[in-house]
**Q** 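Handing you this structure, nothing more for now.
Each chain gets a letter, A, B and so on, in the order the sequences are listed, and its residues count up from 1.
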Number of protein chains: 2
Amino acid sequence: MIVDDSKELRKIIKLYLENAGYEIIEAENGKVAIELLKNREISLMILDIMMPQMDGFELLEALGDDRKFPVIFLSARGKVEDKIRGLNLGGDDYIAKPFDPGEVVARVLAVLRRSQRNIKKEIVVGSLRWDVEKRLVYLEDKLLELRAKEYKLLTMFMKRPGKVFTKQEIYELLWDEPYFHDDNTIMVHISNLRDKIEEDPRNPKKILTIRGIGYMMDEGC
Amino acid sequence: MIVDDSKELRKIIKLYLENAGYEIIEAENGKVAIELLKNREISLMILDIMMPQMDGFELLEALGDDRKFPVIFLSARGKVEDKIRGLNLGGDDYIAKPFDPGEVVARVLAVLRRSQRNIKKEIVVGSLRWDVEKRLVYLEDKLLELRAKEYKLLTMFMKRPGKVFTKQEIYELLWDEPYFHDDNTIMVHISNLRDKIEEDPRNPKKILTIRGIGYMMDEGC
DNA sequence: CATTTTATTTAAGATTAATTTAAGGTGTAT
DNA sequence: ATACACCTTAAATTAATCTTAAATAAAATG
C-alpha cells in the first residue's frame, strides 16, 4: 500500500512495483489507509511523512504495535531528525525525496526479506487461533488453559487441519515412543480436549472421530 | 565528539557528519576529550583505539559506567578487532579502518537510533516497572533488590508478557549455552524471584507455571 | 434387533513435574 | 588471603497431570 497525497508520486511508485510483480493499493491519506486496511491485508506500506490532515507519523502510531507489516517512510526533507524519528517509531526503512524509483524497488525487496524472518506466526483454524511464538491457543479470543498433552494434541491437529491422524501417528508424535497396543490414553486426552474446545463435547464439530481409522480436525471449523 | 589523533581523519568524518546535520566536537586525545566533556553534553562519541598517551580503551574506562552516550570504536583492521569483540568493553559499535565515510554516517544513525530507543524506554507490566536504562525494576514504586540472574529472568519475562517460555528458551537466553538436561537451577531462580515479586509466592499471579511447557508472565498483572 | 466392536467418559491411583530448602561451590572484591 | 554474595546442586516435599481400568455409550454388523 502506498500512502501519499500526491497522485503523481503514487503513480510512479505503483508503476515500478507492479513491474516488479507486486500488487498495489493506493491511499491518498491516513484516514483512507485505515479504512482500506479494515478489509485487506497488506505485506508492506510505503508511507509519506508530510501529508495534510494526518501525517505519516500519526498514521504509524494509529496503526499500533500489533501491525503485521513493515513500513517504509518517504520524506521530502532530507533531514536526519525525520529519519531518526521515523525509524524510532517503528518504521523499517526510510527513503528521501527525490528518489530513484529503482531504489524504491530495491528497498522494498530488502525490507520484505528482512521482515519475513521475524513475521509473527499465527495459525488460525475456524474459531481457534494458535500464537505459535507465545505458545498460546485462543478460542474466540479467549485464552484456553491447556495441559501439556492437550496443547501438543491440539497444535498437532491445527498444523494439518483436514488430515486424519491414526492413533499410532498421534502416539508417536506426542510421546516420541513406539506405539504397541491401544491403551486408551489418547482417547482420554481427546475427550478432555473436547471438553475445552467443543461447544457440545458430546457432538464434536472440531475434532472429528473417523471410526476405525483415527481423528481429524475439521478445516471449516 | 570525534576523538582521534589524526587531524586528517577527524576532518573527513566531521565533513560527512556535518553534512548529515550533526554538530561535531573534535578532540585529539583522551585528556582533551575528558576536559571538553566537563562543559558540554554529547550524544555520541567516535573513539579511535590507538592514540598516544591515553588510548581508547583507557578513555572508555575513565568515562565510567554512568556515561550517558554511546561509543563507536575506530581501529585499524585486524589488529584489535578480536580484542574488542572478545573483551566486550562496552562500546556500542565498531568501525575498522580504512572505512567508507558513508558507512560511518550509517553506523552513527544506527547507534543513535538504538540508544534513543533505550533511553526513553520504560517497560511496565502490571505493578512492575522496569527502567531499562538504569537497569532497575520497581514493584509498586519500591525498588527491587535483584541478583544478576533474577534481573535477567524478570526482564526476559517483562519483554514479552503473555509469552510462554520453555526451560530450554530460558536457559539459552540467560546462560548463552546450549541446554542439555533439566538441572533445576532455573526453577530455583524462579522460586527466589517469586519470593521478591509475588504477594503470595505459593500462589503466584505474575510468573505463572505452564506445567509441562514452561513459564509465562501474566500480561494483566 | 441383538450382538459385537469401537469409542467415550469417569474417577482414583500412579507418575511426573515443580517447588522449596539448605548445603556446598565459585568467584569477586576488599 | 579472607569474607561475602551469589549461583548451583541435591534431596525432600508438594502438587498437578497422566494413565489405568472399569463403566457407559454409540456405531457397525449380521
**Q** OH of B:Y171 versus P of D:dC7: gap in Å, rounded?
**A**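 One finds 13 Å between P of D:dC7 and OH of B:Y171, rounded.
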**Q** Applying a 4.0 Å non-hydrogen cut-off, can you work out what B:T185 is touching in the nucleic acid: base, sugar-phosphate, or nothing?
**A**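 Base contact.
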**Q** Are the side chains of A:M217 and A:F165 in touch, meaning some heavy atoms are under 4.5 Å apart?
**A**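 No, too far: nothing below the 4.5 Å cut-off.
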**Q** Looking at A:H189, does any N or O in its side chain come under 4.0 Å of the phosphate oxygens OP1/OP2 on D:dT19?
**A**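 So the side-chain polar atoms of A:H189 do come within 4.0 Å of the phosphate oxygens OP1 or OP2 of D:dT19, strictly under.
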**Q** Can you tell me the distance, in whole Å, between the CZ atom of A:F180 and the P atom of D:dT19?
**A**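 Taking atom P of D:dT19 as the reference, CZ of A:F180 is at 15 Å.
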**Q** Starting from P on C:dT8, measure out to CZ on A:R211 and report it in whole angstrom.
**A**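 Atom CZ in A:R211 sits about 7 Å away from atom P in C:dT8.
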**Q** For DNA chain D, find the residues of residues 142-155 of chain B with a heavy-atom distance under 4.0 Å and give them by number; none if there aren't any.
**A**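 Within this stretch, B:R147, B:A148, B:K149 sit under 4.0 Å of the strand.
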**Q** Under 4.0 Å, counting only non-hydrogen atoms across every strand here, what does A:P204 touch: a base, just sugar-phosphate, or nothing?
**A**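 A:P204: no heavy atom of the nucleic acid under 4.0 Å.
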**Q** Check whether any side-chain nitrogen or oxygen of B:R194 sits under 4.0 Å from OP1 or OP2 of C:dT19, and answer yes or no.
**A**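 B:R194 to C:dT19 OP1/OP2: side-chain N or O found under 4.0 Å.
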**Q** May I have the distance from B:L193 (atom CG) to D:dC6 (atom P), rounded to whole angstrom?
**A**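 Taking atom P of D:dC6 as the reference, CG of B:L193 is at 14 Å.
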**Q** Tell me the interatomic distance from B:I210, atom CD1, to C:dA18, atom C1', rounded to whole angstroms.
**A**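 Spelled out: CD1 on B:I210 to C1' on C:dA18 is 13 Å.
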**Q** B:T209 and B:I190: side-chain contact (heavy atoms from CB on, under 4.5 Å), yes or no, with the steps?
**A** CA-CA 10 Å; B:T209 303; B:I190 291 202; over 6 Å; no
**Q** Which of these, B:R194, B:K196, B:H189, sits in a side-chain hydrogen bond (donor to acceptor under 3.5 Å, both in side chains) with B:E150?
**A**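 Exactly one option meets the side-chain hydrogen bond (donor to acceptor under 3.5 Å, both in side chains) with B:E150, and it is B:K196.
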**Q** Would you name the heavy atoms of A:V3 and A:L59 that are closest together and state the gap between them?
**A**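 Closest heavy-atom pair between A:V3 and A:L59: CG1-CD2, 4.1 Å.
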**Q** Check the distance between D:dC7's C1' and B:D183's CG and give it to me in whole angstrom.
**A**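 Going from CG in B:D183 over to C1' in D:dC7 covers 11 Å.
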**Q** Heavy-atom nearest nucleotide on DNA chain C for B:G212 versus A:T209: which residue maps closer to 5'?
**A**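 First, find each residue's nearest nucleotide; the 5'-ward one identifies A:T209.
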**Q** Examine D:dT19: is either OP1 or OP2 under 4.0 Å from a nitrogen or oxygen in the side chain of A:W175? Give yes or no.
**A**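 Indeed, a polar side-chain atom of A:W175 lies that close.
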**Q** With respect to B:L146, which candidate in B:V137, B:T155, B:N192 satisfies the side-chain contact (heavy atoms from CB on, under 4.5 Å) definition?
**A**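 Testing each of B:V137, B:T155, B:N192 against B:L146, the sole residue satisfying side-chain contact (heavy atoms from CB on, under 4.5 Å) is B:V137.
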**Q** Using a strict threshold of under 4.0 Å (side-chain N to carboxylate O), is an ion pair present between B:E35 and B:R40?
**A**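 B:E35 and B:R40: not salt-bridged.
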**Q** Would you please name every residue forming a side-chain contact (heavy atoms from CB on, under 4.5 Å) with A:N203, sequence neighbours left out?
**A**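 Counting only residues at least two positions away or on another chain, A:N203 forms a side-chain contact (heavy atoms from CB on, under 4.5 Å) with A:D200, A:K205.
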**Q** What is the minimum heavy-atom distance between A:W175 and A:T185, and which atoms define it?
**A**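 Scanning both residues completely, I find the closest heavy atoms to be CZ2-OG1, 4.0 Å.
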**Q** Write down the atom of A:K206, the atom of A:S127, and the distance for their closest heavy-atom approach.
**A**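 Minimum heavy-atom separation between A:K206 and A:S127: CE-OG, 3.4 Å.
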**Q** Using a cut-off of strictly less than 4.0 Å, decide whether B:K167 has a side-chain nitrogen or oxygen near OP1 or OP2 of C:dA17.
**A**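 No, no such contact exists.
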**Q** For A:S191 and B:R202, take the nucleotide of DNA chain C holding the closest heavy atom to each; which residue's nucleotide lies nearer the 5' end?
**A**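 This one resolves to A:S191.
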**Q** Salt bridge or not between B:K7 and B:E28? Use side-chain N to carboxylate O under 4.0 Å.
**A**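 B:E28 and B:K7: not salt-bridged.
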**Q** Rounded to whole angstrom units, what separation is found between the CG atom of B:L208 and the P atom of D:dA16?
**A**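 After rounding, the reported distance stands at 13 Å.
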**Q** Check the phosphate of C:dT19 against B:Y215, side-chain N and O only, distance under 4.0 Å to OP1 or OP2. Yes or no?
**A**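 Result: yes.
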**Q** Figure out the NE2/P separation between A:H181 and D:dT20, and round it to whole Å.
**A**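 Going from A:H181 (NE2) to D:dT20 (P), I get 7 Å.
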**Q** I'd like to compare against my own output: the B/S/- annotation of nucleotides 22-29 of chain C with a strict under-4.0 Å heavy-atom distance to protein.
**A** --------
**Q** Could one point to a donor on the side chain of B:N184 or the base of C:dT20 with an acceptor on the other under 3.5 Å away?
**A**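 Pair found.
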